[in-house]
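Accompanying notes for the structure given below.
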Amino acid sequence: MLYQKPKGTRDIYGKELKRIEAVCNAARSFFVRNGYQEIRTPAFEMADLFIRSIGEHTDIVEKENYTFKAGKRVYMLRPEGTASVLRAIIENKIPLPRRFLYIEPMYRKERPQKGRYREFIQIGIELIGEDDPIYDAEMIEQGKRFLESVGASGFTIEVNSIGCPKCRSLYKKALKDFLRAKTNVLCSNCTVRLDKNFLRIFDCKEQKCQEIYDTAPKITDNLCANCTQHYATVKKFLAEFSIEFTENKKLVRGLDYYTRTVFEFKHQLLGARDTILAGGRYDLLMEELGGVNAPALGWAMGVDCVILSLPDEQPPLVQRKRFFIATIGEGLITETVELRNTIQKNDHVCIMGNPKDSVKRQLKKANRLQVDYTILYGEDEAKAKVCSMKDMESGEQKQVALKDFASFVKTI
RNA sequence: GUGGGUGUAGCUCAAUUGGCAGAGCAUUGGACUGUGGUUCCAAUGGUUGGGGGUUCAAGUCCCCUCACUCACCCCA
């Protein structure tokens with residue numbers, strides 16, 4: 001094999017494409033109805049944009065990105081959508097508040113496995129310029145309702161608050177005091193994180209670390225007055241939206257920009273890969289990226305993860321009929337093209353055969369193409385000004401006058 | 001980056017202890033010259049992922065390498 005696709009990428013067609021398109025189209029229609037406007041941003045941005053927003057000490061930035069130099073500048077294929085949307089808002093001076101939806105491929109250089117690729121489509125929504133806790137609840141509710149609308153079930157919603165920088169600096173002291181006597185027990189990963197990105201220690205998979213964290217003070221219990229109030233109100237609204245959720249005090253997020261509310265939708269799919277939708281509030285990111293000081297929140301879901309959490313059913317049936325035109329003999333192309341155009345005008349699929357091929361061969365091909373009807377058009381039909389139409393399932397064949405063909409196709 | 005599994009015809013897979021590389025499906029042709037799907041007959045199709053080693057003999061054993069896949073890390 002001379003060329004093959006890069007690791008972790010796919011050629012998507014047939015049934016797989018249909019499933020992906022079905023989810024994307026459903027999302028587009030669902031979120032547009034809820035006031036989200038679609039936005040498309042470049043597949044690559046200045047690398048600094050992502051480093052600044054996601055955080056230097058994250059795996060995405062440290063090793064899982066596609067960075068390249070072109071001319072004097074360093075770019076990165078986007079590993080996520082939020083930073084680009086905010087950059088677009090700032091750069092285009094888009095007035096706030098504003099709701100945006102994106103459905104676009106993202107790129108992360110990880111080892112591929114089930115449902116995870118190096119190029120994958122994320123569906124995400126962002127609400128910029130609103131700080132009221134009701135929107136935190138609404139965002140979560142929207143995610144839940146969308147997933148249910150496409151038939152996903154069996155997921156749980158976990159919620160937490162990781163506060164603002166004010167809460168965090170106080171809490172960091174408390175946590176470090178607690179861990180002081182235990183640092184030699186922690187794994188090396190946690191030791192590093194404690195310095196660079198201390199909240200992330202709660203993501204550790206080591207059991208002995210987790211045992212310690214179980215009894216450690218939690219950020220959730222050490223929020224400042226404002227954040228406490230905010231979080232309590234989010235939970236109150238969630239109840240009013242009738243959203244069932246569990247509070248996970250060890251839920252932090254892998255990207256640095258989150259503040260206050262964070263959440264994950266989890267599905268007991270396979271192993272550690274259980275998050276299908278995740279997000280939260282990022283009130284400081286707009287300003288961090290050079291824009292106005294504006295609160296914001298959002299989430300993203302992986303289309304492949306959504307599909308894995310769907311029941312294993314057939315893709316929705318297409319209402320289009322499929323036609324094949326078997327023209328017999330040459331010199332009849334003009335009428336054939338007219339027939340084809342008439343069929344396609346009615347939004348059906350029509351494929352033309354090769355007039356040089358025998359009827360047998362053309363029908364065989366029509367059969368392989370899984371068409372519903374085959375039109376036969378040869379000298380006999382041309383003389384009688386009709387075409388023969390064969391129903392490929394029943395095998396029945398009838399003649400239709402060419403002048404009536406257009407109205408006939410409409411009835412199919 | 002780490003660990004496991006798998007690579008044989010276009011596809012799905014066989015091949016006993018190391019002993020002639022096979023089957024089904026698909027494709028092509030014919031039975032059937034303007035009628036597909038079913039049936040019957042026949043044909044085409046291979047550097048056994050690649051390289052090296054052991055052996056009289058390697059798809060099979062050993063080493064290296066590549067690819068795919070699952071899991072870990074991390075993340076949607």
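Residue numbers begin at 1 in each chain, while the letters A, B, ... track the order of the sequences.
Counting atom types as modelled, A:Asn367 pairs a side-chain N or O with a base atom of B:rG36 as donor and acceptor under 3.5 Å. Evaluation of atom-type donor-acceptor distances gives a pair under 3.5 Å for the side chain of A:Glu381 against the base of B:rG34.
Pairing partner, B:rA71: B:rU2, with both Watson-Crick or wobble hydrogen-bond distances short of 3.5 Å. Remark: B:rG37 base-pairs with no nucleotide; criterion is Watson-Crick or G-U wobble with both hydrogen-bond distances under 3.5 Å. Under the Watson-Crick and G-U wobble criteria, each requiring two contacts below 3.5 Å, nucleotide B:rU8 is left unpaired. With both pairing distances under 3.5 Å, B:rC32 is matched to nothing as a Watson-Crick or G-U wobble pair.
Atom NZ of A:Lys364 and atom P of B:rA26 are 10 Å apart (whole Å). Nucleotide B:rA67 holds its P atom 6 Å from the NZ atom of A:Lys7, rounded to whole Å.
Ranking B:rC73, B:rA76, B:rU35 by closeness to the A:Thr275 side chain, first place goes to B:rA76. Among the nucleotides B:rA67, B:rG34, B:rG29, the one closest to the side chain of A:Asp380 is B:rG34. Among the nucleotides B:rG34, B:rC73, B:rU27, the one closest to any side-chain atom of A:Glu379 is B:rG34. Listed nucleotides: B:rA71, B:rG34, B:rU35. Nearest to the side chain of A:Arg111: B:rA71. Picking from B:rA67, B:rG36, B:rG34 the nucleotide with the shortest atom distance to the side chain of A:Gln4 gives B:rA67. With B:rA76, B:rA71, B:rU35 as the candidates, the nucleotide lying closest to the side chain of A:Leu376 is B:rU35. Considering only the side chain of A:Lys390, B:rU35 comes nearest among B:rG29, B:rG34, B:rU35.
Counting non-hydrogen atoms under 4.0 angstrom, A:Glu393 reaches a base of the nucleic acid. Nucleic acid contact class of A:Arg200 (heavy atoms, under 4.0 Å, all strands): sugar-phosphate only. Within 4.0 Å (heavy atoms only), A:Glu396 reaches no atom of the nucleic acid at all. A:Ile328 comes within contact range of at least one nucleobase, with a heavy-atom separation under 4.0 Å.
Here, B:rU6 and B:rU44 have their C1' atoms 29 Å apart, quoted to the whole Å. As rounded to the nearest Å, B:rA58 and B:rG51 have P atoms that lie 14 Å from one another. Separation of the C1' atoms belonging to B:rG3 and B:rU48 is 27 Å when rounded to the nearest angstrom.
One finds no side-chain N or O of A:Gln397 lying less than 4.0 angstrom from the OP1 or OP2 phosphate oxygen of B:rU35.
Under the 3.5 Å distance criterion, the side-chain polar atoms of A:Arg200 are left unmatched by any main-chain donor or acceptor of A:Val252.
Under 4.0 Å is where a charged nitrogen must lie from a carboxylate oxygen, and between A:Lys5 and A:Glu119 no such pair does. Note on A:Asp391 versus A:Lys398: no salt bridge recorded, every NZ/NE/NH1/NH2 to OD/OE distance being 4.0 Å or above.
A distance of 6.0 Å or more separates the ring centres of A:Tyr36 and A:Trp299. Remark: aromatic rings of A:Phe263 and A:Phe245 are distant, center separation not under 6.0 Å.
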